[in-house]
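Chain identifiers are assigned alphabetically (A, B, ...) following the order of the sequence lines, protein sequences preceding nucleic acid strands; residue numbering begins at 1 within each chain. Everything numeric here is computed off the predicted structure, so don't read it as measured data.
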Protein chains: 2
Amino acid sequence: MTTPPAPRVTIKDVAARAGVSKGAVSLAFNQRPGLSEATRDRIFAAARELGWAPNSSARSLSSRRVDAVGLAICRPARLLGLEPFYMEFVSGVESVLTERSCSLLLRLVRNLEEEAGLLDTWWKGKQVGGSILVDFHADDPRPAAVERLGLPVVAVGHPSLTGSLPSVWTDDATAVTEAVRYLAALGHRRIARVGGAAAFGHTSIRTAAFDEAARALELAGARQVATDFSGEAGARATRSLLSATGADRPTAIVYDNDIMAVAGLSVAAEMGLRVPADVSLLAWDDSQLCRLTHPTLSAMSHDVHGFGAEVARTLFEVITGGEGGGSHPVPTPVLTPRGSTAPPGRGNHM
Amino acid sequence: MTTPPAPRVTIKDVAARAGVSKGAVSLAFNQRPGLSEATRDRIFAAARELGWAPNSSARSLSSRRVDAVGLAICRPARLLGLEPFYMEFVSGVESVLTERSCSLLLRLVRNLEEEAGLLDTWWKGKQVGGSILVDFHADDPRPAAVERLGLPVVAVGHPSLTGSLPSVWTDDATAVTEAVRYLAALGHRRIARVGGAAAFGHTSIRTAAFDEAARALELAGARQVATDFSGEAGARATRSLLSATGADRPTAIVYDNDIMAVAGLSVAAEMGLRVPADVSLLAWDDSQLCRLTHPTLSAMSHDVHGFGAEVARTLFEVITGGEGGGSHPVPTPVLTPRGSTAPPGRGNHM
DNA sequence: GACCGTCACTGAACCGGTAAAGTCCCTATT
DNA sequence: AATAGGGACTTTACCGGTTCAGTGACGGTC
């Protein structure tokens, strides 16, 4: 069974069939003025009959327009699958891209240098019209690379991390502060935070905010540990925190993502501690996962899908000229109390 | 602050700088014979100095080669984020694409008709050299569309679902059978299965296999329910199954993915049932999630990353001519016992 | 020393669109 | 009646690569 020799319909065939020139077909398909209704219809009819769709390479070659944007993600595959964040984020991005018939070029990279190189080829090779940048580090090589290239981007991260790049961010500092205040208001004094990878800029921001909040509230027992965002690391951190004795053991733990909170929950169970009676747990991001545990997880909740959509919208603004007012925050995560947080001490008899 | 007028380095500039013709540069960059070592070096040097990268549109326009493959996913965004499966799968695909400097065009679609249309534009517009098809339904419109187009694809799904398309699949029937046998061997007779969306072909396959296995083992108490793969649906199903009384209540439940198993676990806890003493739970896919619960989840485990990689490899084979031996299974998921399965009845005193 | 074969490289014709300038015709204006 | 203006198309350059039929030089052969 051989493939038929592939008809290869081009704009010329459509033009011939409609009895017009290539130019006319181009006008029609780009809904530009200068054609009569009748001709337009004939052209579309011809195109439909021949099953023609414009060759995107040819189109972007001559129009120097590109109908794709890039997203490179730099995290170990092992962690990516688990983080509900990314897929939700991508689906938000998609929702905006689709309505502008734009595609998403996705690539997983191993390190930021590789990513910078990728951005270079993407841009110089005219494969993308712009790109979304996530997971900023201290000393991130990307802002410089992007600046040098003139590549339109939207950075996902606080301006203090993304330099002069147009950026969209969540106000993590405020969110952390709210989380700590909430737990403190419940009566907790020994609050711990299981943070994400220290290399990430947003981790540092949260870490600093946590310290600050603890100081402001005079919480002597505040502690933080860094992880790699994986469930295993979250479990390990939790185990280490909870195995402290008596007055050293935290009564509440804030996690930097859902997965670690879930892991923490089962570590608590495994150690015979009741949640929230003996220890309160607070998750971050609030994917569906938080409602699937027992007890359900209180979380700092935000609309990740909407976040992605907003980022994509901003990217389009940046691409089509006006960088004006590019940078802006999206709504701060809000505290969503569920079953895993409560006043401390009810379980002191243990 | 204005963008500099964008230098726009082209192959001509490189050629001029190296003192050769465009053709020579092309030869060099496609590592084709016909150039002296010295010239080659001069060309590369010139390219590096000018920071040139070939324009991919121009390249694929004239060479009719495309350096991207498509993947359209048709599931509600809400579920996608949660399914560790997809990100892991994508990362596997990526790992193979990257080494051939090929990109992944990702698109989330709302229904299969939209996807079929997308494949049409992707292919006719020469945006992709091939595509990966997932989540087959009964009466799936895609095989016909793909056949008509002559689009190179690899279908992820059992040949009985994917028609004559080259396909890669996991042997779900065997895996289900193994799962049931395992539980039966532990002594369970009342085994339930919380399946995925009935529309999916692989769900039907598993459903049939479960029935068959139950019949073969003469398990009178076997039951199945369909869900939409979401954690909530999994929780609901579990609640309904476990609220049956006495001899109607299953002593073991198999889930079609991780998320539902996690949800099931907390429903059991919520209902005061101990796992595995009162009820055994068996998850599917075995992402890291299964090791983060308490008790840990026994699961049918497979290498999703490797699956993705294998699919990508097969797609390349299909694209580069030989469909020969395209279709093949990947290793069948293997049973990985953990803490959520045990012989029944130890908890009958409840 | 004429002839042949290679090797290294050039030149020009594409690939399939877009865009800007040009053509033609028809109507309104002076 | 001559002219301007505008709508409806057509023509014709590109866009930035790839490909392939040359071309010239050089070495070897008889």
Leading and trailing nucleotides of DNA chain C with any atom under 4.0 Å from heavy atoms of chain A: C/dG16 to C/dA19
ring-ring contact (aromatic ring centres under 6.0 Å, His included) involving A/Tyr86 - partner list, sequence neighbours excluded: none
Non-neighbouring partners of A/Arg17 that pass salt bridge (charged side-chain N to carboxylate O under 4.0 Å, His left out), sequence neighbours left out: A/Glu49
Separation of D/dT18 P from B/Arg64 CZ (nearest whole Å): 14 Å
OP1 or OP2 of D/dG16 under 4.0 Å from side-chain N/O of B/Thr10: no
Given B/Ser57, B/Ser56, B/Ser60, the one that forms side chain to side chain donor-acceptor pair (under 3.5 Å) with A/Ser57: B/Ser60
Salt bridge (Lys or Arg N to Asp or Glu O under 4.0 Å) contacts touching residues 93-114 of chain A (sequence neighbours left out): A/Arg110-A/Glu114
Partner set under salt bridge (charged side-chain N to carboxylate O under 4.0 Å, His left out) for A/Arg142, not counting sequence neighbours: A/Glu115, A/Asp140
Distance in angstrom units between A/Asn55 CG and D/dC15 P, rounded: 18 Å
Strand-adjacent residues in residues 33-54 of chain A, judged by heavy atoms under 4.0 Å from DNA chain C: A/Trp52, A/Pro54
Pairwise 5' ranking along DNA chain C for A/Lys12 and B/Ala24, keeping only the more 5' one: B/Ala24
Touch class at under 4.0 angstrom, heavy-atom based, for B/Val25 against every strand present: nothing
A/Ser164 vs A/Glu147, side chain to side chain donor-acceptor pair (under 3.5 Å): CA-CA, chis, key distance, verdict: CA-CA 9 Å; A/Ser164 59; A/Glu147 208 91 54; 3.2 Å; yes
Residue pairs passing the ring-ring contact (aromatic ring centres under 6.0 Å, His included) test where at least one lies in residues 119-144 of chain A, sequence neighbours excluded: A/His137-A/Phe200
For A/Phe29, ring-ring contact (aromatic ring centres under 6.0 Å, His included) partners two or more places apart: A/Phe44, A/Trp52
Step-by-step side chain to side chain donor-acceptor pair (under 3.5 Å) determination, B/Arg59 to B/Asn30: CA-CA 11 Å; B/Arg59 185 203 286 259; B/Asn30 294 294; 3.1 Å; yes
Pair listing, ring-ring contact (aromatic ring centres under 6.0 Å, His included) test, anchored in residues 59-80 of chain A, at least two apart: none
Give each protein N/O atom lying under 3.5 Å from an N/O atom of nucleotides 19-28 of chain D, with the pair distance.
residue: D/dT19; atom: OP2; partner: B/Arg32; partner atom: NH2; Å: 2.4

Residue pairs, two or more places apart or on separate chains, that pass salt bridge (Lys or Arg N to Asp or Glu O under 4.0 Å) and touch residues 119-133 of chain B: B/Asp120-B/Lys124
Between D/dG17 (C1') and A/Gln127 (CD): distance, integer Å: 14 Å
Straight-line distance of B/Ile73 CD1 to B/Leu79 CG, nearest 0.5 Å: 12.0 Å
Neighbour count above 12 (heavy atom, 6.0 Å) for B/Asn111 CG: yes
Difference in axis direction between the ends of the helix from C/dG1-D/dC30 to C/dT30-D/dA1, five pairs, 10°: 60°
